[in-house]
Structure formats: structure tokens, C-alpha cells
Amino acid sequence: MNRKTIFSLIAILILFAVFGYEYFLEEETRKEIVNEGEKVKGDTNEYFLPTSSTGQIIHHEGYSLSYNEAHEQAEWVAYELKKSHLSSTNFKRPYFEIDKTVKTGAAHWRNYKDSGYDRGHLCPAGDRKFSKEAHDETFLTSNISPQKHDFNSGVWNRLEQKVRYWANKYDGVFVVTGGVLKGQMKSIGDEEVSVPNQFYKILIDNNTGVTKMIAFLLPHENSNEPLYKFVVSVDKVEKLTGIDFFPELEDSVENQLEASNNYKKWQFY
DNA sequence: CTGCAGGTC
DNA sequence: GACCTGCAG
């Protein structure tokens with residue numbers, strides 16, 4: 001074997017090493033963005049996860065969800081919004097992507113194209129701005145529900161901003177949100193993604209001493225009414241959705257908090 | 001912040 | 001389909 005041949009072989013080996021390493025890095029990146037959804041991540045406050053009526057709970061890095069295949073969207077999305085998560089950084093919006101960890105197949109964003117409905121985030125991108133990965137992860141279609149644009153950019157957006165206000169004020173809140181997937185609903189796209197007639201959002205906070213809860217139930221239409229007018233008991237949302245929201249709480253605490261629609265512990269202004 | 005539409009490659 | 005820019009509530 002002459003010297004030229006040896007150099008050629010070494011060069012080829014180096015090329016394989018470099019490309020192999022790059023492929024490895026890409027694999028790692030993919031796992032970060034769309035993990036296998038098998039483990040509860042350290043950042044997920046499992047204690048507050050609701051039950052699933054569909055048997056398909058998925059854990060991502062930045063949020064967990066229960067996917068309802070019949071309606072092609074999550075029945076709930078849950079995550080903790082810590083005070084330290086609040087950030088003013090501005091990431092460019094990525095493209096919506098099918099959530100491959102949904103074994104029954106998550107909806108394609110094409111269902112929403114020209115439907116007249118927004119691809120409405122359940123876990124808002126604005127709540128996951130502490131990292132590019134967490135932000136982009138909210139653009140999985142398992143985190144999306146059809147929403148009227150006026151509603152999404154209006155009263156729903158106001159509520160999401162209020163949640164950020166409370167996360168800052170009360171040093172973090174745990175959030176569960178979704179559409180009410182019951183009754184007669186319109187649907188959009190070839191996969192017939194259901195359009196909920198109501199959306200709910202439930203908050204729990206145990207960071208400031210006494211555990212407190214608040215639940216909102218909003219008709220799927222824009223409104224200029226103040227947000228407190230949409231407050232309901234957690235029990236009411238449970239009856240509507242068939243979901244048990246905080247099963248791990250001690251029963252006496254759970255029963256008392258979930259029956260109440262008193263929002264005096266939550267400061268609105 | 002919340003999003004969509006249109007044009008290019 | 002991916003990517004960019006512009007526009008709207």
C-alpha cells in the first residue's frame with residue numbers, strides 16, 4: 001500500500017466521522033424537540049396532571065397533553081408557568097408540525113388551511129419563550145385547536161396575558177387548558193378536526209402558602225366583557241368535559257376548592 | 001401578544 | 001412544501 005492510498009483511506013475515515021457526528025447531533029436535536037413522550041419530565045408537575053378520558057397522555061419537555069383522536073386535538077394541555085419562564089425574547093415563528101409521539105396520528109396543519117379558523121395554541125408560544133426549543137415545541141399540532149381569529153386574538157389572548165400576570169405576581173401557576181369536546185361541533189379539513197363551542201382554562205397555585213384555584217369557561221366567540229365574568233367552578237368544567245382535573249389532591253381540599261367559583265384570591269388588576 | 005395571505009424557488 | 005415578507009386584530 002503506497003502513501004497516497006493510505007492518505008485517501010484516512011480522508012474517507014475522517015469524512016465518515018464528521019458526517020456521522022453531524023447525524024448524531026441532528027438525532028439529538030430531534031429528540032429535544034419531539035421526545036418519545038414516555039417519561040414525565042422533571043419540569044412537569046405530575047401532581048397536578050388531570051386524568052385522561054382517552055388513555056393517551058403525552059409528555060413533552062415543556063408541556064403534557066391528553067390527545068383525543070376522535071376530535072383530532074388535545075382534550076387538555078397542562079404545564080407549569082414559572083415566574084422564571086417569563087421572557088421578552090422574540091423567536092421567529094416556526095412551521096406547524098405533526099406530533100409524531102401521538103400514536104394514533106396527530107392532525108395535519110393542512111386541515112386548518114383556508115378553513116377560516118386560526119391554529120390556536122393551547123399552551124401559548126408566549127408562555128414558552130425561555131428557550132427556542134420550548135417555544136418551537138408549542139407548534140406541534142397536538143397543541144393546536146381551531147379557533148375563530150377574533151376569539152383567539154381577543155378575549156382568549158387577554159386571558160393568556162392575565163395568566164402571565166399571575167405567574168409573575170404569585171411566583172408561578174400551573175395551567176390546564178383545552179376545548180370542550182362534547183356535543184354538536186363543526187369540523188374542518190379532511191381529518192375532521194372538531195371546532196369546540198367552548199374553551200376552558202384552569203389555574204392552580206400552591207406557591208404562595210394556601211392552595212388556590214380558578215377556572216374560566218369561555219364561549220367560542222370574542223367578547224369585551226371583563227374576564228372575571230367567565231369564572232366558573234372546576235366542578236362545572238369537570239361535568240362538561242368528563243375530566244377529573246386534580247385527582248391527586250387530598251379529597252377534602254379538592255372538593256372544597258373545585259366547588260368554589262370564588263375568585264377573590266386572584267387579583268385581576 | 002395573537003395570527004394569516006401571497007409570492008418565490 | 002419550505003421559506004420569506006407584509007399585514008391585521
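Residue numbers start from 1 in every chain, and the chains themselves are labelled A, B, ... in the order their sequence lines are given, proteins ahead of strands.
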Judged by each residue's nearest nucleotide on DNA chain C, which is more toward the 5′ side, Gly154(A) or His108(A)? His108(A)
Starting at CG of Asn143(A) and ending at P of dT2(B), how long is that distance when rounded to a whole Å? 11 Å
Rounded distance [0.5 Å steps], NZ in Lys83(A) versus OH in Tyr170(A): 12.0 Å
Once you apply a heavy-atom cut-off of 4.0 Å, does Asp127(A) come out as touching a base, just sugar-phosphate, or nothing? nothing
CZ of Arg128(A) to CD of Glu61(A): how many Å apart, nearest 0.5 Å? 11.5 Å
Could you work out which one of dT2(B), dC4(B), dA5(B) sits closest to the side chain of Asn157(A)? dT2(B)
d(CZ, Phe91(A); P, dC1(B)) in whole Å: 10 Å
Comparing Thr89(A) and Gly116(A) on DNA chain B - which has the more 5′ nearest nucleotide: Thr89(A)
Output the single nucleotide from dT2(B), dA5(B), dC4(B) whose closest atom is nearest the side chain of Asp114(A). dA5(B)
Of the options dG3(B), dA2(C), dC1(B), whose atoms approach the side-chain atoms of Arg93(A) most closely? dG3(B)
How would you label the contact of Lys113(A) with the nucleic acid (heavy atoms, under 4.0 Å): base, sugar-phosphate, or nothing? nothing
Arg128(A) CZ to dT2(B) P: how many Å, rounded? 12 Å
If you check the Tyr95(A) side chain, which of dA8(C), dC1(B), dA2(C) turns out closest? dA2(C)
Taking the six-membered ring of Trp266(A) as reference, does the cationic atom of Lys162(A) (NZ for Lys, CZ for Arg) lie under 6.0 Å from its centre and within 45° of its axis? no
Are Tyr112(A) and Phe96(A) close enough that their ring centers fall under 6.0 Å? no
With the side chain defined as heavy atoms from C-beta on, Arg110(A) is closest, among dG1(C), dC4(B), dT2(B), to dG1(C)
Nucleotide dT2(B), atom P - distance to NZ of Lys201(A) in whole Å: 11 Å
Roughly, in whole Å, what's the span from CG in Asp150(A) to C1' in dA8(C)? 11 Å
Is any side-chain N or O of His121(A) closer than 4.0 Å to OP1 or OP2 of dG3(B)? yes
Just N and O in the side chain of Asn152(A): are any of them under 4.0 Å from OP1 or OP2 of dC1(B)? no
Between Glu250(A) and Ser252(A): side-chain donor-acceptor atoms closer than 3.5 Å: yes
Does the ring center of His59(A) lie less than 6.0 Å from the ring center of Tyr63(A)? no
Lys148(A) near the nucleic acid: base, sugar-phosphate alone, or nothing, with a heavy-atom cut-off under 4.0 Å? nothing
Separation of His220(A) atom NE2 from dT2(B) atom P, in whole Å? 16 Å
Between atom CZ in Phe151(A) and atom C1' in dC1(B), what is the gap in whole Å? 15 Å
Taking OH from Tyr112(A) and P from dC4(B), how many angstroms apart are they, rounded to a whole number? 10 Å
Selected nucleotide, minimal atom distance to Arg119(A) side chain, candidates dC4(B), dG3(B), dG9(C): dC4(B)
So if I take every side-chain heavy atom of Phe96(A) and compare against dC4(B), dG1(C), dA2(C), which nucleotide ends up nearest? dC4(B)
Regarding Glu160(A), tell me which of base, sugar-phosphate or nothing describes its non-hydrogen contacts under 4.0 Å with the strands shown. sugar-phosphate
